[in-house]
Amino acid sequence: MKPHGAAGWATLLLAVIIILLGLPLVYMGAELAFLGGSLYYLVCGLAVTVAGVLMAMGRPVGGLLYLGACAFTWLWAFWEVGLDGWGLLPRVFGPTLLAIGVALCLPVLRRAEQARTTHVREVA
């Protein structure tokens, strides 16, 4: 994605942050899965990392993938701790804050995709 304006740069920065948060989840999630633990961290880490890469490429599907991973995180958190607010907080607070940012960046990603598809049509 070639960022245009502050919103484009903010979207790219958010994508990089998401990638940097997803990679350790993949690594440590794979270690945990290898030891017989939960697959959640590996699956979610892969989804988050791919989402960040797609967002950095200016693809709205990356934002939607991140929002899906966040929804999966909420389901996992409810399954793990139920309705215990203090138990839910550390599991969902960070991902939810990022999800708000991702939701706000979706229009920027849609414009980037429209610009790319328009450019491809003009070249063809």
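Throughout, numbering of the chain's residues begins at 1 and tracks the sequence.
- Val53 and Leu109 fall into different hydrophobic clusters, where Ile, Leu, Val, Met, Phe, Trp and Tyr side chains are chained together by heavy-atom contacts under 4.5 Å.
- Heavy atoms of other residues, nucleotides or ligands lying less than 6.0 angstrom from CG of Leu83 number 12 at most.
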Worksheet item: Taking it one step at a time, do Tyr41 and Trp76 satisfy ring-ring contact (aromatic ring centres under 6.0 Å, His included)?
Response: CA-CA 10 Å; Tyr41 297 98; Trp76 166 78; 5.6 Å; yes
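- To the nearest 0.5 angstrom, Leu42 atom CG is 13.0 Å from Tyr27 atom OH.
- When hydrophobic clusters are built by joining Ile, Leu, Val, Met, Phe, Trp and Tyr residues whose side-chain heavy atoms come closer than 4.5 Å, directly or via intermediates, Val102 is not grouped with Leu23.
- Side-chain atoms of Leu65 and Val61, non-hydrogen and from C-beta on, never get closer than 4.5 Å to each other.
- When the options Val108, Thr11, Leu12 are evaluated for a side chain to side chain contact (heavy atoms under 4.5 Å, CB included) with Pro3, the one that passes is Leu12.
- When every heavy atom of Leu25 is checked against every heavy atom of Gly45, the shortest pair comes out as CB-CA, 3.5 Å.
- Hydrophobic clustering of Ile, Leu, Val, Met, Phe, Trp and Tyr side chains at less than 4.5 Å, counting indirect connections, unites Met55 with Leu13.
- For the atom pair Tyr40 OH and Thr73 OG1, the distance stands at 2.5 Å (nearest 0.5 Å).
- Here Leu98 contributes atom CG and Phe93 contributes atom CZ; the two are 10.0 Å apart, rounded to the nearest 0.5 Å.
- Taken to the nearest 0.5 Å, the CD atom of Glu31 stands 8.0 Å off from the CE atom of Met28.
- We find the CZ-SG distance between Arg110 and Cys105 to be 11.5 Å, quoted to the nearest 0.5 Å.
- Without hydrogens or angle criteria, Thr49 side chain to Leu46 main chain gives no donor-acceptor distance under 3.5 Å.
- A continuous path of hydrophobic side-chain contacts links Leu21 to Leu14 [ILVMFWY only; heavy atoms under 4.5 Å].
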Item to complete: Mind running salt bridge (charged side-chain N to carboxylate O under 4.0 Å, His left out) on Glu113 and Arg116 for me, showing each step along the way?
Response: CA-CA 5 Å; Glu113 186 168 62; Arg116 186 179 53 258; 3.5 Å; yes
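- Residues Leu64 and Leu54 fall into different hydrophobic clusters, defined by Ile, Leu, Val, Met, Phe, Trp and Tyr side chains chained together at heavy-atom separations under 4.5 Å.
- One finds the CZ atom of Phe78 at 12.0 Å from the CZ atom of Arg91 (value rounded to the nearest 0.5 Å).
- What you find for Cys70 and Ala99 is that their closest heavy atoms are SG-CB, 3.8 Å.
- Under the 3.5 Å distance criterion, the side-chain polar atoms of Tyr66 are left unmatched by any main-chain donor or acceptor of Ala15.
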